[in-house]
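Please read the structure below before turning to the comments.
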There are 2 protein chains.
Amino acid sequence: MDYGAKVKTLRRVMRECRYYDSLGSLLMRDQWLELPERDMAYRQKMQGFFSGKQGELFHDKEVAQCAAFFENFDPANLATDLERGMVRYFLYLYKTRAKIPPEKLAQSSALTARAQALWREAHDKSDYALFKPVLKEMFELKTEIARSVDPNKPPMEVLADMCDEGISVETVDRLFGELRDGIVDLLGKIRSRGVDVDDACLRESFDKEELKRLVRHLAEGVGYPPERGEFYGEVLHPFSVSIGPSDARITTNYDSLQFGIFSTLHEAGHGLYSLNADADVVDHHLWGGHPGAFHESQSRFYENIVGRSREFWVHFYPRLQESFPHFKKVDLQTFYRAVNKVRPSLKRILADELTYSLHPIIRFEIEKAIFDGKTDFDRLPELWNDKYEEYLSLRPQNDREGLLQDMHWGGGYIGYFQSYTLGNLYGGQFRHAMLKTVPNVYEEIASGNFGPLNSWLTEHIHRHGRVYSPQDLLARATGETLKSGYFLDYLREKYKEIYKLPD
Amino acid sequence: MDYGAKVKTLRRVMRECRYYDSLGSLLMRDQWLELPERDMAYRQKMQGFFSGKQGELFHDKEVAQCAAFFENFDPANLATDLERGMVRYFLYLYKTRAKIPPEKLAQSSALTARAQALWREAHDKSDYALFKPVLKEMFELKTEIARSVDPNKPPMEVLADMCDEGISVETVDRLFGELRDGIVDLLGKIRSRGVDVDDACLRESFDKEELKRLVRHLAEGVGYPPERGEFYGEVLHPFSVSIGPSDARITTNYDSLQFGIFSTLHEAGHGLYSLNADADVVDHHLWGGHPGAFHESQSRFYENIVGRSREFWVHFYPRLQESFPHFKKVDLQTFYRAVNKVRPSLKRILADELTYSLHPIIRFEIEKAIFDGKTDFDRLPELWNDKYEEYLSLRPQNDREGLLQDMHWGGGYIGYFQSYTLGNLYGGQFRHAMLKTVPNVYEEIASGNFGPLNSWLTEHIHRHGRVYSPQDLLARATGETLKSGYFLDYLREKYKEIYKLPD
C-alpha cells in the first residue's frame, strides 16, 4: 500500500468536499437573501446537480480504496492529532455518504422541493391532510436512505449520526427524559409560585435603525469581527452560514427588540465558532466547527448563557438605554427579568430559555415514535397536541399552531431536531467546566471584558474545529461524557432567583 | 449512430455547463459585494476548482463522440431553430473548450491571482516595471491556450472568438479603423468649434438616498423588473450578473449623479437582455443572451441611445427636478447638453459617449500589435501614450493614468476589449433598423411609453437568447452584416445639433 498516495487522495476528497460545502452555504445565503422567487425552480435543479457532484466524490473507486486502507490503518501510526482527525472525519463522511445511491439523493432533492410547496399550502390553510401524504413519503425515503447506509442499524440512529457525528439515540433519549422531567417540574414550580414578571418594556415601539446599530454593537462587543458581519441581511428566520475559513456570515431580524438582540447574539455565536479554527486546522480542511449540536451549543451559549445573564446587561444596559430612552425608566433588574420571563409558547422560535428545550424534545419523541412504528401518520396531530398539553400545558387549536408550524420536516430535516436541545446540554456542561477554571468569567463580562470567556471557548472548543469527534472534544473540555445535570442545575439556579422559588 | 442518445448527452452538457455559469456569476457577485478580503485566497482556490470541473465537461469521451457526431450531422436534419441553436452553441463551446488542457486552466487561475496582486501594487506605485514581467507571462499563457485550441489560427483570432462567437479580427480591425477615423474627425470639428457646454449642474452636491430612489425609478421606468433588482448593491465598478433564467442582478455606484444614473441604465440593459429569453429558449439552455459585444450592445443602448436621448429626459426630467431641486433652475436643453458633453478623458470609464469607443480601440490595437510581434513589452507605455495623444489629444503623465488604469489585463481579459466598441456599432445598427419599422419610438419614449422600444428589442434580440449566432441574429434583426456607418451617422447627427457644427 502506498501510504503517501492514500493521504493525497484523502486530502483531495476533504478539500473538494469543503468546496461543495462552501458552495452549499453560499447558495443557502443567496436563497434566503437575494434569490428571486421566480428562479427558485431553476435554483433547485442547480442545487441538486451540485449535491450530486458532492456525492460522487464518495462513489469513486480510488476513494473507496483509500477508505479501505484507512479503515485498517492504526491511527496510532499517524503523526498528529490533526492527521488522525482528518482520517476520522473522512471515514465518517465516507461511511455515511458512500452508500447512498446517487438516485436517492436526486429523489430526495425533488421530494424536498415538492414537500416544501405542499407544506406551505398546508400551513396557509392550516390543513395537515394536504401535507400528510408527502410527509409519509419523506419519512419513507429517509428510511430507505438510512438503510442504504447501514441496514443493521435502526434508521433513526443512522439519520441522527448523519446530523451529529457519533450520537446515540438511546443516550439522547435518556438525557432528554431527564431534562424534560426536570424542566416540567421547574415549570410547575414557577406556575404555582404565581409571580408575574413584567415585560412591558420589551413591547414598546422602537426605532429599527437604532436596533440595527445596537445589535451590531452587541455582536462586535462579544467579539464577532465586524468585517465578516452581514447585519443588514434581514430574514424571517435568522441563520448563519460558514462559507470559508475566514468567512462566516450572519443574518438577523428586527421585528421585535428581543428577537433582534438575541437572534443576533445567537448567530454571532455560530459565527465565532466557525471562524476561530487554528491555521493548522484550516489546512487539514477541518475548519467551521462540528455541525449540529456542537454548533448549537455555541450559538445558544452566546444567546443565553452569556446574553441573558445579568452580568452581560450590567455592561450593555446603559448602551441599550441610550439607544431606546424608554428604558431609562426601567431598572436593570426589571429588564433582566423581562428577557428571562418564562412564557410557554406553542412555537419553538418564540420560546423562552427554560421551555425552549421541550420543543425539540417533543419533535424527537414523535420522530422516534414514527421510526419505532408506535404511531401512524393519521395520529400525528393528536400526538403532537397531547405532548404540548402534557409538557407545556398548552394545546394547539389547529395544525398551523401545531405540527405545521415550521417547514423543517418538509425540508427533509428528519433525525435532526435533537441538536437544538443537545446544544443546551453541552452549553450547561461547558459553563460548569469554565467556571471551575475561570471563576470570575461573569465578573469580567460585567466589566465588558469578553476576553476570558472567548479565550476559554476558543482554547477548548473553537480552535479545534473537527479535529476531535464531538464526544472526544466534550471529554477534553469538561472531563466527562454528556450529562443533563449541569444544564438543569443552571436553569434551577437561574429561575429560582428570578421567580423567588422556595428551596 | 444513436441520435437520441447523442441529443441526450448534448442536452446534459449544455444544462450542466449552465449550472457552472450560474455558479460563476454568483461567485462573481459575491466576490464584489460580500466576500471578506481575508477569505480571498480560499475563494480563488474554490473558484479554480469549479472552473476545472466545468472544463472537465468537455474532456469526456462520451462528449467527444457527441461532438464528432454533430460535426458531421447536417443541421437541416434538425427539426427546429432551437435544436440547431443548441447544436451550434455546443459545438462552439466544445471546439474552444475541449482542447484546452486542464493544467493550462489551473495555471491560468494561479497566474491571474498573482497578476492581479502585482497589478494592484504597480497601479498604486504607478510603476509599470513591476507589472511588466507578469503581463508578459499572461500574454504568453494566453498564446499557448489559443494554440491549444487551434494551432493554425492567429492566437488573437482564437481568443477574440472565445469572447465573441464567430468574430473575425480582420473585420474588427477594418470597422475599428473606420470608426476611429470618423470619431477623431468629429472630435476635431467639435474642438475647433470652440463651444463650451455648461455641465455645472451635474457637479452640485446631491442627496445619495434620493439618487438611490431615482435610479430605481429610472430602471423600473425602462422596464427592468424591480423584484429582480439589486440596487442597493453598490460597488466601485458596477456590473451585472445573469445567475439564472429569471435572475439577473445589477449593481450600481452613487459617487456622482451622472455615473449613478447612466451606470444603472447600462446595467438595466444587461439585465433586460438576460431576462427576456423565451421559455423555449430557456428550455434549450440558451438563455442569458450572447456574452461580449451583443450584451454590451444592449447595455449601451439603454445607457446612451435611449438614456442620453433628449426624449428620455423629456419624460424623466420633471422627476429628476423633483428629486434634486437645484435642477429647477436648469432647463431641459442645458441638462441634455450637459449629459452629452464631450470631454476626452484618459480613463475609459469616465469617457463620454463620443470618445468612449476610442478607448477599447486603443486597447485592441495594442493587443494586436503584441500578438503580431510589432511591439515589445518595454515599449507598451510609450505606445499607449502615443495613441492617446494621437486620437484624444491627451497624454498620460504616468503609468497609472495610462496602461495601468484598470486591472483587466491583469485579470486575464485579453482578446476581449473589442466587445465594448463593437457593442456601440451593433447598437447604432439596431437603432437604424428599429426606426425603419417603429419611426415614432422616440416620441413614445418622450411620453413615457417604453413599450415599442422594448417590444422591438425583445422581438428581434432578447427573446432569442443564443439560438442564432451573433452574425445571424444581427442579419435577422437588421438585414445586414455589421457596418460602422450607422453608429457614426448617429454620432454625427447628435453632436452636430449639440455643438452646432456646420454641415
Answer yes when A:Asp30 and B:Arg249 have at least one side-chain N-carboxylate O distance shorter than 4.0 Å, and no when they do not. yes

What part of A:Arg15 gets within 4.5 angstrom of chain B, counting heavy atoms only: side chain, backbone, both, or neither? neither

Does any backbone or side-chain atom of B:Lys45 lie under 4.5 Å from a heavy atom of chain A? Answer side chain, backbone, both or neither. both

When you look at CZ of B:Arg120, are more than 12 heavy atoms from neighbouring residues, nucleotides or ligands closer to it than 6.0 Å? no

Crowded around A:Glu37 CD? As in, over 12 foreign heavy atoms under 6.0 Å? no

Keeping A:Asp39 on the side-chain end and B:Ser246 on the backbone end, is there a donor-acceptor pair under 3.5 Å? yes

Looking at B:Arg18, B:Met40, B:Gln47, B:Arg29, which has the largest count of heavy-atom pairs under 4.5 Å with chain A? B:Arg29

Rounded at 0.5 Å granularity, tell me how far CG in A:Leu23 sits from CE in B:Met46. 5.0 Å

Looking at B:Phe49, B:Tyr20, B:Phe50, B:Tyr19, which has the largest count of heavy-atom pairs under 4.5 Å with chain A? B:Tyr19

Can you tell me if B:Arg11 has over 12 outside heavy atoms packed within less than 6.0 Å of its CZ? yes

With sequence neighbours left out, what residues match A:Lys8 under salt bridge (Lys or Arg N to Asp or Glu O under 4.0 Å)? none

Test log, rule side chain to side chain contact (heavy atoms under 4.5 Å, CB included), inputs A:Leu26 and B:Leu27: CA-CA 9 Å; A:Leu26 191 65; B:Leu27 288 172; 3.5 Å; yes

Of all heavy-atom pairs linking B:Ser22 and A:Tyr42, the shortest is OG-OH, 2.7 Å

Got A:Ile243 and B:Glu34 here, is their nearest side-chain heavy-atom distance under 4.5 Å? no

